Amino acid sequence: MIDIERNVEWVEVSGRWSRMSVMGTSLSSEVLAVENQGEKDDRIIIFMIPGNPGNDGFYTDFGRRLIRNLIAREERLGHRRVNFLFYTLSHLNHVLLPPALRCSNTHKVNERFSLGDQVQHKLDFVKEYLPRGNRVFMFGHGAGAYMLLSILPYIKDDFNLRKAVCLFPTIERMTESPHGIRLKKVVSTLRQNDWLARTLSFWVDLMPESLKRRIISMKLTSDQTSPELVDSISELLHMHVFRNIVHLCNDELDKIGTLDETLLFHRNLIYFYYGKNDGWCPIEQGERMSERLTRGHVVLEKDNVEHSFVFRDAATMAEKVMQFIV
């Protein structure tokens, strides 16, 4: 089996600390250089913007499988070996800041960030840290699709960007979706009564990390218990992370209503993948979107892949998204 390296680090993005992960077969300083390397540049960059919760670790198994699949495809086709790099960036304060980084005057551990803040965060990161490889493919999952489409006009000319792919995209009518109808009142109450969100998560904060991980592992099936997945779920169980998840969800429900047609301005670059039984973006949205875009730009999934595919369907999606990376 091909060995895939993973590097995780905290980087400063416009004065705010963010956790970034990158995976590939080689992660040398030359391979990770931001500048384009001209004719010798053999890097294909894949950038994933998470949904909500926005923890980079959720996409580790998916990204690792995707890279292996792509390398295997290249070998089958007899193509020249290329470097696939899979980048993921956590949302602001969706991972608890390490103690050493909590002295920043511009980023507080208890700060809550809006949808607009998270969009700007992705734009700033891409401009500063994402390599200008030979080819670049960007993915947004769930609310990450909205963020991707929002930053697309400001980055498309800086990269050899081939596709902007929206997986299970929550980009319209969130309050009318089955999950939106069910959760709107709950998350609104928690945001308006921040003391309640603090109280609900306070006792979990006191639980030892080892105990959290043990409980999480017991709840997952054998094919879900990758260390990164267990760690990522455990990292959600902190007061300030929980408050940010709730805050962002409520902001999404408030602001993502009727489809903003300006999000589709660069429709030649945009691709969509809709789930058959998605409680956040019903398949009917995909059917309407297929009428707006050129044939082949909208995929309507026929299997029962979940919206949160990173839990049970990472292997399936790592196969399905290969169609977009050519």
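Treat the numbers as computed from the prediction; the structure is a model and nothing was measured. Numbers here are sequence positions counted from 1.
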Return the set of residues passing side chain to side chain donor-acceptor pair (under 3.5 Å) with N250 (not counting sequence neighbours), or none when no residue passes.
-> D254
Answer yes if Y273 and M322 sit in the same cluster of Ile, Leu, Val, Met, Phe, Trp and Tyr residues linked by side chain heavy atoms under 4.5 Å apart, and no otherwise.
-> yes
Check step by step if side chain to side chain donor-acceptor pair (under 3.5 Å) holds for N244 and H94.
-> CA-CA 6 Å; N244 264 279; H94 280 228; 4.9 Å; no
At their closest point, which heavy atom of C166 faces which heavy atom of A145, and how far apart are they?
-> CB-CB, 3.6 Å
E39 CD: over 12 foreign heavy atoms closer than 6.0 Å = no
Minimum heavy-atom distance between F159 and P131, given as atom pair plus value | CE2-O, 3.6 Å
Looking at side-chain heavy atoms only, is the closest gap between M138 and I45 below 4.5 Å?
-> no
Report the C-alpha separation of S114 and Q118 in whole Å, then their side-chain angles, then the decisive distance to 0.1 Å, and conclude whether the side chain to side chain donor-acceptor pair (under 3.5 Å) test is met.
-> CA-CA 6 Å; S114 68; Q118 302 291 2; over 6 Å; no
Intermediate values then yes/no, side chain to side chain donor-acceptor pair (under 3.5 Å), R6 and T60 | CA-CA 8 Å; R6 180 172 182 248; T60 304; 3.3 Å; yes
Between R81 and D42, is there a side-chain N and carboxylate O pair less than 4.0 Å apart?
-> no
Closest non-hydrogen atom pair, A143 against T170 = N-OG1, 2.9 Å
D303 and K276 ion-paired at < 4.0 Å | no
How about E9: does its CD atom have over 12 heavy atoms from other parts shown lying under 6.0 Å from it?
-> yes
Linking I/L/V/M/F/W/Y whenever their side-chain heavy atoms sit closer than 4.5 Å, directly or via other members, would V13 and Y154 fall into one cluster?
-> yes
Is any NZ, NE, NH1 or NH2 atom of the basic residue among R112 and D117 found under 4.0 Å from an Asp or Glu carboxylate oxygen of the other?
-> no
Charged tip of K163 within 45° of F324 ring normal and under 6.0 Å = no
Is a salt bridge present between R64 and E228, judged by a nitrogen-to-oxygen distance below 4.0 Å?
-> yes
Answer with yes or no after comparing the ring centroid distance for F62 and F309 against a 6.0 Å cut-off, counting only values under it.
-> yes
Closest heavy-atom pair, T88 versus F86, reported as atoms and distance to 0.1 Å, is OG1-CE2, 3.1 Å
Give a yes or no on whether the ring-centroid distance for H141 and H307 is below 6.0 angstrom.
-> yes
Please assess F242 against L190 for the test side-chain contact (heavy atoms from CB on, under 4.5 Å), listing each intermediate value before the final yes or no.
-> CA-CA 10 Å; F242 177 70; L190 288 172; 4.2 Å; yes
Sort and list the pairs that fulfil salt bridge (Lys or Arg N to Asp or Glu O under 4.0 Å) and have at least one residue in residues 13-23, not counting sequence neighbours.
-> R16-E111, R19-D56, R19-E235
Option passing ring-ring contact (aromatic ring centres under 6.0 Å, His included) with F113 (candidates H240, H107, H91) = H107
With a 4.0 Å cut-off, would you call D41 and R132 a salt bridge?
-> no
